[in-house]
Amino acid sequence: MAFKLLVIALASALVSAQGPVQCDDMRVRRSAHSLTDSDWQNIQNVVSQLHLDGQFGRFARTHDAVFDNVHGHSAFFPFHRRFVLEFENLGRKIDPSFTIPYWDTTRDYRTPQSSPVLRGAALGGNGEGPQGCLQSGIQGNWTLGFPNRHCLSRRFSGGDGTILPWVPAELISSFIQRDGQLSDFREHIEFSIHGATHIGLGGDAGTRYAPNDFFFYMHHANIDRLWWQWQNSQGRLFEYNGPGAHGEAQLADVIPEDQAVSFGGQAVGSVMILGFNGVCYYYDSAPNPPSRYPGASSDDNGRMKITPVLNATASFSGSSNVASHELEMAGIHRALGEQAGLKEFFPKVALLGPSRMEIYRPNDKCGGYKKAKQALVYPARMNKDWVKMHGFVPERVEKVYRDACRLIDLLNNSTYVSPY
Ligand SMILES: *[C@@H]1O[C@H](CO)[C@@H](O)[C@H](O)[C@H]1NC(C)=O
Ligand SMILES: *[C@@H]1O[C@H](CO)[C@@H](O)[C@H](O)[C@H]1NC(C)=O
Ligand SMILES: *[C@@H]1O[C@H](CO)[C@@H](O)[C@H](O)[C@H]1NC(C)=O
Ligand SMILES: *[C@@H]1O[C@H](CO)[C@@H](O)[C@H](O)[C@H]1NC(C)=O
């Protein structure tokens with residue numbers, strides 16, 4: 001506990017040379033599923049201009065350059081948070097209303113190719129021809145410059161225009177409430193939803209220069225949203241540990257950068273909290289930013305006083321998608337009574353008493369909830385090339401996969417009905 005407080009103190013000190021700076025203009029990142037064709041048209045206008053300005057190549061080059069330090073390492077979350085923000089800020093110079101939508105891919109996990117996000121008016125579908133050149137969507141027929149001159153490509157993972165199943169929301173919910181350590185959560189996310197989605201789209205999206213495909217920004221906005229949910233759900237807003245570039249990761253570490261996309265030596269500790277220090281956005285389905293910088297206030301002697309403002313019960317966030325939150329939790333709560341093995345996957349749901357669940361009972365009259373039993377499907381395994389490209393230990397990847405399958409078996413053997 002003392003150690004945790006010390007970490008919070010250090011984090012606060014890091015940004016308090018001038019003190020944490022609260023944003024006065026907050027933008028909201030919306031679900032990609034909620035966008036209209038005209039929203040997509042606006043996005044296309046911005047990304048086309050960024051493309052003409054050479055920004056796609058610049059970001060792809062940087063992602064490639066820092067790749068080995070920002071995957072399989074703790075910098076995974078803070079780097080991508082800052083990197084996507086940088087791109088969004090450039091877009092806002094072209095259109096001040098531009099924000100990166102997040103793509104909650106769990107909603108499409110069963111048959112990803114049918115996602116409305118992959119329609120012609122949006123991201124477009126699979127690539128065509130031997131090169132897998134993308135001809136539809138907001139980046140249709142683009143030629144890119146990094147790492148060489150080539151058409152933007154997509155190669156769906158399943159063949160015949162299909163994408164192998166992604167990762168169900170229930171697994172992400174379980175990670176968010178189960179993982180008490182950031183490094184565990186980071187590994188679970190990298191080995192599941194992060195990899196599965198990149199591999200599923202394939203082509204440029206499945207490479208070290210994935211930022212060539214605008215999908216990258218939407219996917220990483222979602223990963224960022226999940227990290228923020230975990231930070232709040234666990235009451236560990238400032239937790240940063242695990243493998244760093246030089247030994248154990250620390251909040252004082254510089255966010256990886258290169259000459260093309262640089263953050264001026266900014267420290268990881270400065271981007272931990274949404275709503276401060278230039279991280280001026282929030283999500284339409286994740287905890288709101290705190291109204292003041294958490295954990296930091298001055299005592300009578302002007303020293304930093306540490307008051308943790310969050311606790312795990314208060315900030316309970318069980319679902320990866322708030323739209324389904326109540327229904328999903330009621331179903332899982334019931335399933336816990338049927339399959340005791342589920343308790344380890346949903347420790348916070350297990351703490352909720354039956355009376356609390358009464359109010360969450362699904363109401364037939366509300367509709368929108370699948371009537372028939374809909375069994376979950378297993379996600380696709382991550383392929384060997386992907387594991388190798390990241391230098392992951394195959395046994396660790398396999399362990400996370402088996403764990404996911406066990407969760408699915410348990411839910412499948414209960415009366416639980418998946419909303420997706
Ligand atoms: C891309 O080019 C193909 C072939 O010329 C054309 O059919 C398609 O409409 C183009 N797509 C876009 C988005 O302009
Ligand atoms: C945590 O939050 C709950 C709900 O707001 C509150 O009842 C409880 O007292 C809090 N616990 C602590 C230790 O602050
Ligand atoms: C889940 O159970 C159903 C039958 O209840 C079965 O058809 C389906 O294949 C199972 N799914 C998995 C992933 O085991
Ligand atoms: C699910 O049910 C099947 C069929 O009854 C059984 O073989 C399997 O062991 C069960 N899986 C789990 C994880 O309980």
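One-based numbering, in listed order, for ligands and for the atoms of each. When reading the values below, keep in mind they use all heavy atoms of this one structure, side chains included, and skip hydrogens, waters and symmetry mates.
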Quiz prompt | Cation-pi, Tyr281 ring and Arg29 (6.0 angstrom, 45 degrees) | solution = yes

Self-check item: His63 ring center within less than 6.0 Å of His80 ring center
Solution: yes

Quiz item: Salt bridge between Lys399 and Glu395, side-chain N to carboxylate O under 4.0 Å?
Solution: no

Quiz prompt | Minimum-distance protein heavy atom relative to atom 5 (O) of ligand 1 | solution = Asn141 ND2, 4.9 Å

Practice problem: Would you mind checking which non-hydrogen protein atom is closest to atom 7 (O) of ligand 1, with the distance to 0.1 Å? | Solution: Gln135 OE1, 4.6 Å

Practice problem: Would you confirm whether the ring centroid of His220 sits within less than 6.0 angstrom of the ring centroid of Tyr102? | Solution: no

Practice problem: Return a yes/no value: protein heavy atom under 4.0 Å from atom 2 (O) of ligand 4? | Solution: yes

Exercise. Ignoring hydrogens, tell whether any protein atom lies closer than 4.0 Å to atom 11 (N) of ligand 4; use the non-hydrogen atoms only.
Key: yes

Quiz item: Is there a donor in the side chain of Asn222 and an acceptor in the side chain of Arg225, or the other way round, less than 3.5 Å apart?
Solution: yes

Quiz prompt | Protein residue, atom and distance nearest to atom 13 (C) of ligand 4, heavy-atom basis | solution = Asp409 CB, 3.7 Å

Self-check item: Any N or O of Asn413 closer than 3.5 Å to N or O of ligand 4
Solution: yes

